[in-house]
Amino acid sequence: MDIDNKIDIIKSGTLEIISHDELKEKLQKDSPVAYIGYEPSGKFHLGHAITVKKMIDLQKAGFRIKILLADLHAYLNGKGTLEEIKEISEYMKKCFLALGLTDETEFVLGSSFQTDENYTLKVYELALSTTLTRARRSMAQITRSKKDHKVAEVIYPIMQVIDMLFLDVDLALGGMEQRKIHMLARENLPKVGHPAPVIIHTPLLHGTDGSEKMSSSIENFIAIDDSPEDIKKKIKNSYCPAGEIEGNPVIEIAKYFIYDTHDTLFIERPLKFGGNIELNYDELLEAYGNGKLHPLDLKNAVTAHLIKILEPVREYLK
RNA sequence: CCCGCCUUAGCUCAAUUUGGCAGAGCAUCGGACUGUAGAUCCGAGGGUUGCUGGUUCAAGUCCGGCAGGCGGGACCA
């Protein structure tokens, strides 16, 4: 696989790469490190899976993968006691492997290094040059509480930046909600003696209720190990206005979880509504957009395929 | 450390004045309507009234203590 080929694969399905040139340089390096961090909390859902799939692409392109199980970050974000969070970390680790990351993947528990003296001193150093406003702004889409803001909230992004120093990352991946923290990292890592990492952002999946972001704190997600019955129920109940593509979670699931590995989607449909059809992604958008494909038929097809696609994941996690 | 205000359903808040069956909106769930969901109608569930002690026939309501939140004051040699 040549470099341009790798870049095409890495680029597909992402919202932005900062920057392409730097990515190219990293790909010429000997086993560059790609990192992503997750707060172990709640269920592992399709929103998480989008980023994991991209990490798999990076792994195939020759990156060494480091997954940060950010237990202290989850703690700082009020997700529970350290014990509870540690328990979920174990479950999460299995989820990554179930989704297809190889066992060469390196899992790092945040608390295993985030209390080291050198780490702490770096956090203080960065704290000194980061304004409160900026730290808080970077957390706008991440923080759990919208009021009664705690100091923890501004320690969080600073630690995340220093994580990248200690994990020696060449590339950081995240959903679009991570953008402001990543920019903070790009700007500040050089000041603490580490080159700015390449940043890749993946899109956020809308919640099944149509809200901005799929999230385990609201019941608007499909977990990667949901039973077929749950998947049916959740997709059936999903927000899915006829003719509307933008922000339609069912279309998004088709796009990111079916069309990424299939050229076409086979849609079973009663004869009186036009009979079965098979559509590629462009045709699907066309047919759905002009009302020729009914939401229920779309839902049924997506449900059937998603159940099949997640079957090995369910089996692995059993 | 001191003073004041606040804490009631998952959320936002009524009910405190004058002690007398703890309510509404939103959210959730169910039904109707659409060949999906949503919207809209109709209906249902939902409570240790922050915790604790007391007064009273009776306390969300009055009194004491504690915890948490908000605001102010004081301290700053």
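These numbers come from the heavy atoms of this one structure, side chains and all, not from hydrogens, waters or symmetry mates.
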What integer distance in Å separates [X]:[atom1] from [N]:[atom2]?
X	N	atom1	atom2	answer
A:Asn220	B:A37	CG	C1'	14 Å
A:His294	B:G35	NE2	P	8 Å
A:Leu306	B:U36	CG	P	21 Å
A:Glu244	B:A39	CD	P	14 Å
A:Asn237	B:G31	CG	P	11 Å
A:Asp297	B:G35	CG	C1'	8 Å
A:Glu219	B:A27	CD	P	17 Å
A:Leu293	B:G35	CG	P	16 Å

Original post:
A:Tyr239 has a side chain; which of B:G38, B:G35, B:U36 sits nearest to it?
Top reply: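 For the A:Tyr239 side chain, the nearest candidate turns out to be B:G38.
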
Subject >> Listed nucleotide nearest any side-chain atom of A:Pro295, set B:G35, B:U36, B:A37 >> reply: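 Selected nucleotide (nearest to the side chain): B:U36.
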
Separation of the [atom1] atoms in [N] and [M], to the nearest angstrom:
N	M	atom1	result
B:G20	B:G30	C1'	35 Å
B:C62	B:U55	C1'	8 Å
B:G73	B:C26	P	41 Å
B:G10	B:U56	C1'	35 Å
B:A59	B:U52	P	15 Å
B:G45	B:G54	C1'	36 Å
B:C21	B:A15	P	15 Å
B:A44	B:G71	C1'	42 Å

Original post:
Is the Lys NZ or Arg CZ of A:Lys234 less than 6.0 Å from the centre of A:Phe221's six-membered ring, within 45° of the axis?
Top reply: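 Because its charged atom sits under 6.0 Å from the ring centre and within 45° of the axis, A:Lys234 does stack over A:Phe221.
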
**OP:** Spell out, as yes or no, whether a donor-acceptor pair under 3.5 Å connects the side chain of A:Arg134 to the backbone of A:Lys180.
**Re:**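 Such a contact is absent between A:Arg134 side chain and A:Lys180 backbone.
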
Original post:
Just by distance, do the side chain of A:Glu252 and the backbone of A:His206 share a donor-acceptor pair under 3.5 Å?
Top reply: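 Side chain of A:Glu252 to backbone of A:His206, a donor-acceptor pair under 3.5 Å: yes, one is there.
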
Any strand: nucleotide that pairs with [N] via Watson-Crick or wobble, under 3.5 Å:
N	value
B:U56	none
B:G25	B:C11
B:U48	none
B:A32	B:U40

**OP:** Under 4.0 Å between any heavy atoms, over every strand shown, what does A:Lys236 touch: base, sugar-phosphate, or nothing? Just pick one.
**Re:**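 Sugar-phosphate only.
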
**OP:** Classify the nucleic acid contact of A:Asp209 as base, sugar-phosphate or nothing, counting any heavy atom under 4.0 Å across all strands shown.
**Re:**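 If one applies the 4.0 Å heavy-atom cut-off, A:Asp209 turns out to touch nothing in the nucleic acid.
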
**OP:** Decide yes or no for A:Ile309 and A:His262: does some side-chain heavy atom of the first lie under 4.5 Å from some side-chain heavy atom of the second?
**Re:**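 A:Ile309 reaches A:His262 side chain to side chain.
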
Subject >> Which atom of A:Leu284 lies closest to which atom of A:Ile267, heavy atoms considered >> reply: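 Answer, listing the atom of A:Leu284 first, then A:Ile267: CD1-CD1, 4.1 Å.
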
**OP:** Look at the aromatic rings of A:Phe96 and A:Phe44 and report parallel, tilted or perpendicular, splitting at 30° and 60°.
**Re:**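 Perpendicular, since the angle between the ring planes exceeds 60°.
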
